[in-house]
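First up is the structure itself, then whatever we jot down about it.
Proteins come first, then strands; the chains are lettered A, B, ... in the order of their sequence lines, and each starts at number 1.
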Protein chains: 2
Amino acid sequence: MEPHGVTSEPTPRGRARNPRGAGARLHDEIVDAAVTLLDETGDPSSLTLRGVARATGVKAPSIYPHFDGIDEIVTALIEHSFSQLESDVSDALAAAPSLGDGLHAAAHAYVRFGWEHPARYRLMFAASGYAEHAVNAYTLVEQTLTHCVADGTSTSTDPHRDTFLLWVALHGIATLEKPGRAELLRLGPIDRDAAIDDLVERLAKITHRP
Amino acid sequence: MEPHGVTSEPTPRGRARNPRGAGARLHDEIVDAAVTLLDETGDPSSLTLRGVARATGVKAPSIYPHFDGIDEIVTALIEHSFSQLESDVSDALAAAPSLGDGLHAAAHAYVRFGWEHPARYRLMFAASGYAEHAVNAYTLVEQTLTHCVADGTSTSTDPHRDTFLLWVALHGIATLEKPGRAELLRLGPIDRDAAIDDLVERLAKITHRP
DNA sequence: CCTCTTACCTAACAGTCGTTAGCTTACAGG
DNA sequence: CCTGTAAGCTAACGACTGTTAGGTAAGAGG
């Protein structure tokens with residue numbers, strides 16, 4: 001480009017341009033940048049079109065070929081996050097040696113997601129319409145609990161209701177922050193991980209793990 | 001008022017001015033306006049200095065004698081809301097005929113606040129430092145639960161931990177929205193109010209009410 | 001009646017935001 | 001090699017934001 005190269009960067013202004021057919025690659029880069037931007041700032045108001053463009057390494061107008069505006073980006077971010085949460089939960093469930101352990105592992109995986117991405121977790125459930133996304137992980141847990149009842153691991157008489165109660169409680173603990181907040185609350189030290197196990201045992205009526 | 005009134009408004013531009021010594025009255029009006037603004041829009045990003053001024057019926061610079069900026073207004077809003085929540089809970093507790101009923105009533109009052117002011121409730125717990133505010137209502141519940149144990153209404157062996165579990169679960173249900181969201185979730189109809197009672201009984205180990 | 005302080009205002013600034021219009025540059029197909 | 005188009009750019013707009021500087025009107029004290 002420059003005859004005798006003082007400027008060695010591939011593109012003089014802006015970022016490295018995507019190759020010919022791969023313009024769609026920017027679409028995913030934008031969502032990823034929005035995710036890390038939200039995770040790092042912790043502030044949903046940082047999700048502006050210009051801010052996301054900046055985080056992507058792109059000028060603002062370059063967003064428009066891929067998204068109609070910031071709302072579409074946020075929608076994509078939320079969908080991306082829900083599928084991440086869902087696979088976290090189902091992976092934990094699948095990797096466990098037993099159904100009871102699976103429920104415990106799934107509960108921990110769920111709450112961990114909330115602890116590790118607090119701003120994103122809040123945004124996911126702030127928007128109305130979270131129900132459609134959450135339903136997959138939800139029915140997964142409900143089915144597991146039903147199987148637990150069948151094989152005697154759970155004494156639940158209403159897996160449908162108990163799944164709801166368990167999820168509500170986990171949702172509550174997930175919106176807390178993970179570090180020593182309990183001490184800040186002057187409650188004395190409370191082991192959060194043990195609390196999750198307690199909730200699973202009491203609300204899903206799972207007998208103590210062997 | 002006016003001798004021959006074409007202009008009937010007391011002050012030609014702006015709002016009715018406060019009387020001489022009562023300039024501090026605007027301070028509370030600003031907080032009230034911020035509260036209703038957030039409750040009505042449901043969007044924390046509507047809490048701008050100019051927006052709050054508009055809702056108060058005042059021009060933007062008139063805020064500065066009372067608050068250094070929007071952050072101070074939000075802080076005042078949060079403190080106001082926590083004391084409202086606290087009095088809601090303690091009123092419910094005090095009005096109940098028995099300790100067990102009191103815990104149920106307090107739980108319902110707590111969740112109702114979250115349902116009726118969703119954006120405000122979220123903002124209250126989004127800011128770090130909510131712990132200092134919540135601690136009052138919290139210890140109130142813990143003491144009540146301890147008394148329940150003493151008089152046999154609860155079989156809890158660890159009121160401290162069980163208060164934490166109960167609060168976490170209530171916090172979870174409070175961040176849901178009140179209308180038929182459960183149906184939206186395709187869970188089939190779940191009675192939210194009955195769910196609250198379930199949580200109180202199972203987590204605080206309260207025996208069924210007479 | 002006069003004055004001075006209180007309570008609030010207007011005017012204006014710099015910065016950020018979303019959005020449109022139009023330009024530049026690299027590369028694939030002929 | 002030439003050309004067309006894809007990929008991303010610059011420039012600019014109008015609207016909104018926080019914030020400062022300085023004005024105006026009303027009412028209490030003298």
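- The separation between B:Y64 atom OH and D:dA21 atom C1' is 13 Å, rounded to whole Å.
- In terms of the side chain to side chain contact (heavy atoms under 4.5 Å, CB included) criterion, residue partners of A:R54 (sequence neighbours excluded) are, by chain and number, A:R50.
- Taking atom CD1 of residue B:I63 and atom C1' of nucleotide D:dT19, one finds them 13 Å apart after rounding to whole Å.
- In this structure, CD of A:E72 is placed 14 Å from P of C:dG18, rounded to the nearest angstrom.
- Residue pairs meeting the salt bridge (Lys or Arg N to Asp or Glu O under 4.0 Å) criterion with at least one partner in residues 35-44 of chain B, sequence neighbours excluded, are B:D39-B:R120.
- Near DNA chain D, meaning a heavy atom under 4.0 Å from it, residues 40-56 of chain B has B:T48, B:L49, B:R50, B:R54 in order of number.
- Annotation: side chain to side chain contact (heavy atoms under 4.5 Å, CB included) contacts of B:S46 (sequence neighbours excluded): B:L37, B:T41.
- No donor-acceptor pair closer than 3.5 Å links the side chain of B:S62 to the backbone N or O of B:V58.
- Atom-to-atom, CG of B:D68 to C1' of D:dT19 comes out at 11 Å; the value is rounded to the nearest Å.
- Taking atom CG of A:D71 as the reference point, atom C1' of C:dG18 lies 11 Å away to the nearest angstrom.
- Among residues two or more places apart in sequence or in another chain, the side-chain hydrogen bond (donor to acceptor under 3.5 Å, both in side chains) test is passed with A:S98 by A:D101.
- Protein atom CZ of A:F67 is 17 Å distant from nucleotide atom P of C:dT20, rounded to whole Å.
- Regarding B:E29, its CD atom lies at a distance of 12 Å from the P atom of C:dA7, rounded to whole Å.
- Contacts of A:P61 with the nucleic acid, taken as non-hydrogen atoms under 4.0 Å apart, include base atoms.
- Listed nucleotides C:dT20, D:dG8, C:dC9 differ in distance to B:K59; the shortest reach to its side chain belongs to C:dC9.
- Annotation: side chain to side chain contact (heavy atoms under 4.5 Å, CB included) contacts of B:V89 (sequence neighbours excluded): B:L85, B:A106, B:Y110.
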